[in-house]
Undergrad: 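I have a structure I would like to understand better, so I am pasting it below and will then ask my questions one at a time.
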Amino acid sequence: MAKPKIAYVHLSGCTGCLVSLADTYEKLLDILGAVDMVYNLTLADQRELPEGKIDISIVEGSVCLQDEHSVHLIKEAREKSGLVVALGGCAATGCVCNFCRGGQANQPQHESFVPINKLVKVDAYIPGCPPAPEVIYNFCIAAVTGDMDYLKPFMAGEVGGYHCGCDLNTKVIQNSLCMGCGTCASSCPTRAIDMEFGRPSFNNIRCVKCGACAAACPRMFLPVEQIQKKLMV
Ligand code: SF4
Ligand code: SF4
């Protein structure tokens, strides 16, 4: 059976997500052995997305709306790919790029950076700044083997919509769903969350809007339909 064709598309990102993938050490060889990496500017000398269909495009970084090449590249990746995956906070939620305001040399007009779902349909999100190596590894293996049980939570369209600690306030804590497990606090890369009286407390000044806490919270994406069916309500 032909190996799935994978493209790694680098937009306005820091390459930290790719480094996180490489931080799987020898397991990286499992991934590279299981796929046909047809485009990856950091690792291979293939300058353009190849002609023809690509199975999965993994996208790192946000899109700068004033950069014609980036806008074209993400649209081309969407057109050619069966699945588009937003890897990391910048692609999934905008992350630190949400704070860009332009005005800096040598491209002062580069002022609007958006997560990729503002321009194209995204099939799966792996938030985090960067996402943990194990998560990227497990995701890649599940994508190659078609393990839908593992992939489903990443494919929930709403994952890309959550990007701030406040999302936990409105979606989890205010709905009495928080169980005080502290997972959000330990997943935050900037220590913007402290547990106080058994509940998370956010420091908005520290929050880089990566979406990691929302993605990690075990109470954020409850399979409501499944539960209702079981309870017959
Ligand atoms: S609170 Fe922390 S984990 Fe949550 S979005 Fe902000 S920086 Fe990311
Ligand atoms: S991860 Fe979710 S359930 Fe756990 S403490 Fe944070 S908000 Fe509460």
Side-chain angles (χ1 to χ4, degrees), residues 11-21 23 58-64 85-101 112-118 122 124-139 150 152-228 230-231:
L11 297 173
S12 293
C14 68
T15 322
C17 295
L18 187 60
V19 170
S20 195
L21 170 63
D23 275 348
I58 298 175
V59 184
E60 171 178 345
S62 62
V63 192
C64 173
V85 179
L87 175 64
C90 294
T93 65
C95 200
V96 287
C97 303
N98 284 307
F99 300 94
C100 291
R101 297 290 180 268
S112 321
F113 293 76
V114 295
I116 62 171
N117 67 0
K118 297 287 181 208
V122 176
Y125 297 87
I126 314 178
C129 184
E134 295 77 13
V135 175
I136 307 177
Y137 172 80
N138 290 341
F139 181 93
Y150 188 85
K152 215 170 166 190
F154 295 91
M155 300 182 101
E158 49 195 327
V159 179
Y162 294 121
H163 60 266
C164 174
C166 299
D167 294 319
L168 287 180
N169 264 337
T170 53
K171 288 282 172 182
V172 181
I173 300 163
Q174 287 169 12
N175 288 332
S176 303
L177 289 170
C178 177
M179 57 185 175
C181 64
T183 308
C184 51
S186 51
S187 67
C188 177
T190 61
R191 298 189 182 170
I193 302 178
D194 282 320
M195 295 303 287
E196 283 179 12
F197 306 107
R199 294 287 176 267
S201 163
F202 305 101
N203 180 335
N204 275 334
I205 293 173
R206 280 194 176 181
C207 174
V208 291
K209 306 199 178 298
C210 68
C213 52
C217 171
R219 291 300 181 95
M220 187 67 161
F221 303 106
L222 285 174
V224 175
E225 279 173 25
Q226 221 171 313
I227 294 169
Q228 279 176 341
K230 277 196 180 156
L231 295 175

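Note that ligands are numbered from 1 as they come in the structure, with each ligand's atoms numbered from 1 the same way.
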Undergrad: With a heavy-atom distance limit of 4.0 Å, tell me whether Val208 approaches ligand 1 through its side chain, its backbone, both, or neither.
TA: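 The answer is both, backbone and side chain.
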Undergrad: Please state whether Pro189 comes within less than 4.0 angstrom of ligand 1, counting heavy atoms only.
TA: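 Within the 4.0 Å threshold, so yes.
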Undergrad: For atom 8 (Fe) of ligand 2, which protein heavy atom lies nearest, and how many Å away is it?
TA: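 That would be Cys178 SG, 2.3 Å.
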Undergrad: Tell me: protein heavy atom nearest atom 2 (Fe) of ligand 2, and distance?
TA: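 Among all protein heavy atoms, the one nearest atom 2 (Fe) of ligand 2 is Cys217 SG, 2.3 Å.
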Undergrad: Under 4.0 Å from a heavy atom of Pro218: which atoms of ligand 2 are those, numbered in the order shown and with their elements?
TA: 1 (S)
Undergrad: Considering only heavy atoms of Pro200, which atoms of ligand 2 have at least one such atom less than 4.0 Å away?
TA: 6 (Fe), 7 (S)
Undergrad: Looking at Ser201 and Met195, would you say the former's side chain and the latter's main chain have a donor-acceptor pair under 3.5 Å?
TA: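 The answer is no, because no donor-acceptor pair under 3.5 Å joins these two groups.
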Undergrad: Looking at non-hydrogen atoms alone, which of Lys171, Met179, Met220, Met195 comes nearest to atom 3 (S) of ligand 2?
TA: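 Among Lys171, Met179, Met220, Met195, the closest heavy atom to atom 3 (S) of ligand 2 comes from Met179.
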Undergrad: Within a distance under 4.0 Å of any heavy atom of Thr190, pick out the atoms of ligand 1 and give their elements.
TA: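 What qualifies from ligand 1 is 7 (S).
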Undergrad: Taking both backbone and side chain into account, is any N, O or S atom of Cys181 nearer than 2.8 Å to atom 8 (Fe) of ligand 2?
TA: no
Undergrad: Between Ile173 and Pro200, is there a side-chain heavy-atom distance shorter than 4.5 Å?
TA: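 Contact flag for Pro200/Ile173 side chains = yes.
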Undergrad: Quick one: does Thr93's side chain get under 4.5 Å of Pro115's, heavy atoms only?
TA: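 No; the side chains remain at least 4.5 Å from each other.
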Undergrad: Distance to 0.1 Å, residue and atom name: give those for the protein heavy atom nearest to atom 1 (S) of ligand 2.
TA: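 Of every protein heavy atom, Cys184 N, 3.3 Å lies nearest to atom 1 (S) of ligand 2.
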Undergrad: I'd like to check Phe113 versus Val63 (side-chain heavy atoms, cut-off strictly below 4.5 Å). Are they in contact?
TA: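 Of all side-chain heavy-atom pairs linking Val63 with Phe113, none is under 4.5 Å.
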Undergrad: Under 4.0 Å from a heavy atom of Thr183: give me the atoms of ligand 2 that qualify, with their elements.
TA: 1 (S)
Undergrad: Considering the options Ser112, Cys97, Cys100, which one meets the side chain to side chain contact (heavy atoms under 4.5 Å, CB included) requirement together with Ser62?
TA: Cys97
Undergrad: State, yes or no, whether a side-chain contact exists between Val59 and Val85 at a heavy-atom distance under 4.5 Å.
TA: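 No; the side chains remain at least 4.5 Å from each other.
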Undergrad: Answer yes or no: is there a side-chain heavy-atom contact under 4.5 Å between Cys213 and Ile193?
TA: yes
Undergrad: With a 4.5 Å cut-off on side-chain heavy atoms, are Cys164 and Lys209 touching?
TA: yes
Undergrad: Just need the protein heavy atom nearest to atom 4 (Fe) of ligand 1, so name the residue and atom and give the distance.
TA: Cys213 SG, 2.3 Å
Undergrad: Using a 4.0 Å heavy-atom threshold (strictly under), name the region of Ile193 that reaches ligand 1: side chain, backbone, both or neither.
TA: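 Contact part for Ile193 vs ligand 1: side chain (C-beta onward).
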Undergrad: Is the shortest side-chain heavy-atom distance between Cys217 and Thr183 below 4.5 Å?
TA: no
Undergrad: Taking 4.0 Å as the limit for heavy-atom contacts, which would you say applies to Arg199 with ligand 2: side chain only, backbone only, both, or neither?
TA: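 No part of Arg199 is near ligand 2 at this cut-off.
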Undergrad: Could you tell me which atoms of ligand 1, counted from 1 in the order shown, lie closer than 4.0 angstrom to a heavy atom of Gly211?
TA: 5 (S), 8 (Fe)
Undergrad: Quick test: of every protein heavy atom, which one is nearest to atom 6 (Fe) of ligand 1, and how far off is it to 0.1 Å?
TA: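 Here the closest protein heavy atom is Cys207 SG, 2.3 Å.
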Undergrad: I need the atoms of ligand 2 closer than 4.0 Å to a non-hydrogen atom of Gly180, numbered in the order shown.
TA: 5 (S), 8 (Fe)
Undergrad: How long is the span from the CZ atom in Arg191 to the CG atom in Asn203, to the nearest 0.5 Å?
TA: 13.0 Å
Undergrad: Mind checking whether Asp167 and Met220 have side chains closer than 4.5 Å, heavy atoms only?
TA: yes
